[in-house]
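Letters go in sequence order (proteins before strands), and every chain restarts at 1.
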2 protein chains.
Amino acid sequence: MDAEAIKRSLEGSGLRCTPQRYAVMAFLMEHTRHPTAAEIFEAVNRVDPRSSRATTYNNLRDLVQAGLVREVAVEGRAARFDAKGMRHHHFICDRCGNVEDMEWYDVPRPPSRALGKRILRECELIFRGHCTKCAPRHASR
Amino acid sequence: MDAEAIKRSLEGSGLRCTPQRYAVMAFLMEHTRHPTAAEIFEAVNRVDPRSSRATTYNNLRDLVQAGLVREVAVEGRAARFDAKGMRHHHFICDRCGNVEDMEWYDVPRPPSRALGKRILRECELIFRGHCTKCAPRHASR
DNA sequence: TGAACGATTTAGATTATATCTAATGTGATA
DNA sequence: TATCACATTAGATATAATCTAAATCGTTCA
Ligand SMILES: [Mn+2]
Ligand SMILES: [Mn+2]
Ligand SMILES: [Zn+2]
Ligand SMILES: [Zn+2]
């Protein structure tokens, strides 16, 4: 995706396209690795423009609120982030905590009887187990 | 569930039934509210036996490893815990972060082609949106 | 019984992650 | 150019979780 498209998607969500915010968004779109805030902060600061830690967190919060980025909480580890491109599920490794994309398929919604007065925004399917890298060590643990 | 049953389930997992560990497990089984470690620590210390913060965390870690307790990571908040009784899904409120149980239903597994060399342990379905308490304020936000 | 030893607990220090504060900068608009 | 809301910043602060090293507990077995 080119710079103009990123700019448009930010502005379409009511967010100014600042250099720091653009850099966060562009980095997330180039990397499907689900980086942490600290990794994004570092990566953005290896090139211009520079961005403070507070700004990195602020922008991630804004992008999540705008629905352009997803935050993935992993037990016992820093949150990871993900530009919402194509729909997909996630596989989270029990051992190393890495988050990997899995091809999307439809998930059955709960019956409305079970929802009650709750308002459902999304159904998220998370797979857990051992990733390709960790599966061999699985037996030994 | 009575005390003997808790004792047996701990010992069946190779964990000694210490007073502190028992108290954590018993509290989780009595409360379906998905308390945080801090809440469990407080609750356990309102009655005997007392337990230190480190012990509370240690025991939660041990119980999760033994598969008796589930840890639920919620973005931007402390982890929550859940005695694994009957299978169920979770609804997590976008606004207040509360975790609520939802009746269980079968989730389609990914095709093994998509899994590759990964070892799948479980498929977790998480519903997100606004809980009953927060739904009314949803419009205003 | 009691010595030995691994498992467990403990208070407090430390680390890791994330947010807040208050001052400063920036850009769109009038 | 003046204004004003939005955005950025360094550093302080808050929150969540883990680590450390010493003390205690419980089981085993001589
Ligand atoms: Mn992803
Ligand atoms: Mn539950
Ligand atoms: Zn792994
Ligand atoms: Zn709520």
Side-chain angles (χ1 to χ4, degrees), chain A residues 6-8 10-27 34-45 47-66 68-81 96-97 99, chain B residues 6-7 10-27 34-45 47-66 68-82 96-97 99:
Chain A
I6 293 180
K7 186 164 184 291
R8 275 197 305 276
L10 291 177
E11 291 175 347
S13 301
L15 298 171
R16 276 192 201 161
C17 183
T18 66
Q20 291 83 355
R21 188 172 284 154
Y22 175 91
V24 168
M25 191 68 202
F27 182 77
H34 311 91
T36 64
E39 287 165 351
I40 296 167
F41 169 70
E42 261 197 84
V44 160
N45 281 290
V47 295
D48 279 334
R50 316 197 92 65
S51 181
S52 73
R53 190 160 41 99
T55 295
T56 304
Y57 276 101
N58 287 344
N59 282 327
L60 284 167
R61 192 227 307 113
D62 296 344
L63 292 168
V64 168
Q65 274 185 9
L68 298 172
V69 165
R70 178 195 324 207
E71 178 174 350
V72 183
V74 183
E75 332 72 64
R77 305 188 186 250
R80 291 164 172 278
F81 296 89
C96 69
V99 177
Chain B
I6 293 180
K7 186 165 183 291
L10 291 177
E11 290 174 349
S13 301
L15 298 171
R16 275 192 202 160
C17 182
T18 66
Q20 292 84 353
R21 189 172 283 154
Y22 175 90
V24 168
M25 192 66 201
F27 182 77
H34 310 92
T36 62
E39 288 165 350
I40 296 167
F41 169 70
E42 261 196 86
V44 161
N45 280 289
V47 296
D48 278 334
R50 317 198 91 64
S51 180
S52 73
R53 190 160 40 98
T55 295
T56 304
Y57 275 102
N58 287 345
N59 282 328
L60 284 167
R61 193 227 309 111
D62 295 343
L63 292 169
V64 168
Q65 274 184 11
L68 298 172
V69 165
R70 179 196 322 210
E71 178 175 350
V72 183
V74 183
E75 332 72 63
R77 306 188 185 250
R80 291 164 171 278
F81 297 87
D82 191 2
C96 70
V99 177

A:Glu39: salt bridge (charged side-chain N to carboxylate O under 4.0 Å, His left out) partners, not counting sequence neighbours: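 Partners of A:Glu39 by the salt bridge (charged side-chain N to carboxylate O under 4.0 Å, His left out) criterion come out as none, since no residue qualifies.
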Phosphate OP1/OP2 of C:dT26 contacted by A:Thr18 side-chain N/O (<4.0 Å):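 Negative; the distance criterion is not met.
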Residue-phosphate contact under 4.0 Å: B:Thr55 side-chain N/O, C:dT10 OP1/OP2: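 Yes.
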In whole angstrom, give the distance that lies between atom [atom1] of [X] and atom [atom2] of [N].
X: A:Arg50; N: C:dT26; atom1: CZ; atom2: P; result: 16 Å
X: A:Asn59; N: C:dA18; atom1: CG; atom2: P; result: 15 Å
X: B:Asp62; N: C:dT9; atom1: CG; atom2: C1'; result: 12 Å
X: B:Tyr22; N: C:dT9; atom1: OH; atom2: P; result: 15 Å
X: B:Gln20; N: C:dA7; atom1: CD; atom2: P; result: 17 Å
X: A:Leu60; N: C:dC20; atom1: CG; atom2: C1'; result: 17 Å
X: A:Arg21; N: C:dG25; atom1: CZ; atom2: P; result: 19 Å
X: A:Phe41; N: C:dT17; atom1: CZ; atom2: P; result: 14 Å

Taking only residues two or more places apart in sequence or in another chain, which ones pass side chain to side chain donor-acceptor pair (under 3.5 Å) with [X]?
X: B:Arg16; answer: none
X: A:Arg61; answer: A:Asn58
X: B:Ser13; answer: none

Under 4.0 Å protein heavy-atom contacts per nucleotide of nucleotides 15-26 of chain D, with B for base, S for backbone only and - for none: -SBBB------S
Which atom of A:Val24 lies closest to which atom of A:Leu63, heavy atoms considered: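 That closest heavy-atom pairing would be CG1-CD1, 3.7 Å.
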Donor-acceptor list for residues 69-81 of chain A side chains, cut-off 3.5 Å, not counting sequence neighbours:
from, atom 1, to, atom 2, distance (Å)
A:Glu75, OE2, A:Arg128, NH1, 3.0
A:Glu75, OE2, A:Arg128, NH2, 3.4
A:Arg77, NH1, A:Cys96, O, 3.2
A:Arg77, NH2, A:Arg95, O, 3.0
A:Arg80, NH1, A:His34, O, 2.8

